[in-house]
Amino acid sequence: QVQLVESGGGLVQVGGSLRLSCAVSRNIFGAYIMGWYRQAPEKQRELVASLTSAGVTIYANSVKGRFSISRDNAKNTVYLQMNSLKPEDTAVYYCNVRLLIATSNNDFWGQGTQVTVSS
């Protein structure tokens, strides 16, 4: 079993920065994808950034050049560094881990952390 706990959200002004953290309850073995998703009110949940166990990153076009996903294996933590924040970045941000070596019980989500960007 894997449990994820997000932290670091809050209220920030336009152009500001936040770093979100996702604490993972145990080491992940084998192939996996770690990702950050967000969901704004009345909108679909969307992928913001992902990082595979092979080191491949993917970013939504809307955040390229502003956000960066990374992990610290020693701390069992994945981060999302968010710079140059815009009002449209306002959403609940969710951490996700998907195990690629398992066919069931392979998709885990955190509880979400609110990010609000105000002018």
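Numbering starts at 1 and runs along the sequence shown.
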Are the side chain of Asp107 and the backbone N or O of Leu99 linked by a donor-acceptor pair below 3.5 Å?
no

For the residue pair Trp109 and Tyr94, does the interplanar ring angle fall in the parallel (under 30°), tilted (30 to 60°) or perpendicular (over 60°) class?
perpendicular

Could you check Phe67 against Leu85 for side chain to side chain contact (heavy atoms under 4.5 Å, CB included), going step by step and ending with a plain yes or no?
CA-CA 9 Å; Phe67 291 10; Leu85 284 162; 3.8 Å; yes

Using side-chain heavy atoms (C-beta onward) and a distance below 4.5 Å, is Val14 in contact with Pro87?
yes

Between Val92 and Val78, is there a shared hydrophobic cluster once you connect ILVMFWY residues whose side-chain heavy atoms come closer than 4.5 Å?
no

Tell me whether Gln81 contacts the main-chain N or O of Arg19 through its side chain, where contact means a donor paired with an acceptor under 3.5 Å.
no

Search all heavy atoms of Ala91 against all heavy atoms of Ala40 and return the closest pair with its distance.
CB-N, 3.8 Å

Separation between CD (Gln114) and OG1 (Thr90), nearest 0.5 Å, reads 7.0 Å

Of the non-hydrogen atoms in Gly8 and Leu18, which two are nearest, and what is the gap between them?
O-CD2, 3.8 Å

Drop me the distance from Asp89's CG to Ser62's OG, to the nearest 0.5 angstrom.
7.0 Å

Side-chain contact test, heavy atoms from C-beta onward, threshold under 4.5 Å: evaluate it for Arg38 versus Val115 and give yes or no.
no

Closest contact, heavy atoms only, Asn83 versus Ser17
OD1-OG, 2.9 Å

Drop me the distance from Asn106's CG to Arg98's CZ, to the nearest 0.5 angstrom.
7.5 Å

Taking atom CD1 of Ile28 and atom CG of Asn73, what is their separation to the nearest 0.5 Å?
10.0 Å

Distance (rounded to the nearest 0.5 Å) between Thr77 OG1 and Met34 CE
9.0 Å

Are Val97 and Tyr93 grouped together when hydrophobic residues (ILVMFWY) are joined by side-chain heavy atoms under 4.5 angstrom apart?
yes

Asn76 vs Arg26 side-chain heavy atoms within contact, under 4.5 Å
no

With a 6.0 Å cut-off (strictly less than), is the heavy-atom count around CZ of Arg71, excluding the residue itself, greater than 12?
yes

Counting N and O atoms only, with roles assigned by atom type, does the side chain of Gln3 sit under 3.5 Å from a partner on the main chain of Ser25, one being a donor and the other an acceptor?
no

Val5/Gln111 under side chain to side chain contact (heavy atoms under 4.5 Å, CB included): CA gap, chis, key distance, verdict:
CA-CA 7 Å; Val5 180; Gln111 82 288 349; 4.2 Å; yes

Of the non-hydrogen atoms in Ser53 and Ala31, which two are nearest, and what is the gap between them?
OG-CA, 3.3 Å

Between Glu88 and Val117, does the side chain to side chain contact (heavy atoms under 4.5 Å, CB included) criterion hold? Intermediate values first, please.
CA-CA 8 Å; Glu88 53 263 42; Val117 184; over 6 Å; no

Look at atom CD1 of Ile58 and say whether more than 12 heavy atoms of other residues, nucleotides or ligands are closer to it than 6.0 Å.
no

Is it the case that one hydrophobic cluster holds both Trp36 and Ile33, taking links as side-chain heavy atoms less than 4.5 Å apart, direct or via other members?
no

Hey, mind stepping through Leu20 and Met82 against side chain to side chain contact (heavy atoms under 4.5 Å, CB included) and telling me if it holds?
CA-CA 8 Å; Leu20 306 183; Met82 309 165 65; 3.6 Å; yes

Hey, is the main chain of Ile69 close enough, under 3.5 Å, to the side chain of Tyr59 for a donor-acceptor pair?
yes

Can you tell me how far apart OH (Tyr32) and CG (Leu100) are? Round to the nearest 0.5 Å.
10.0 Å

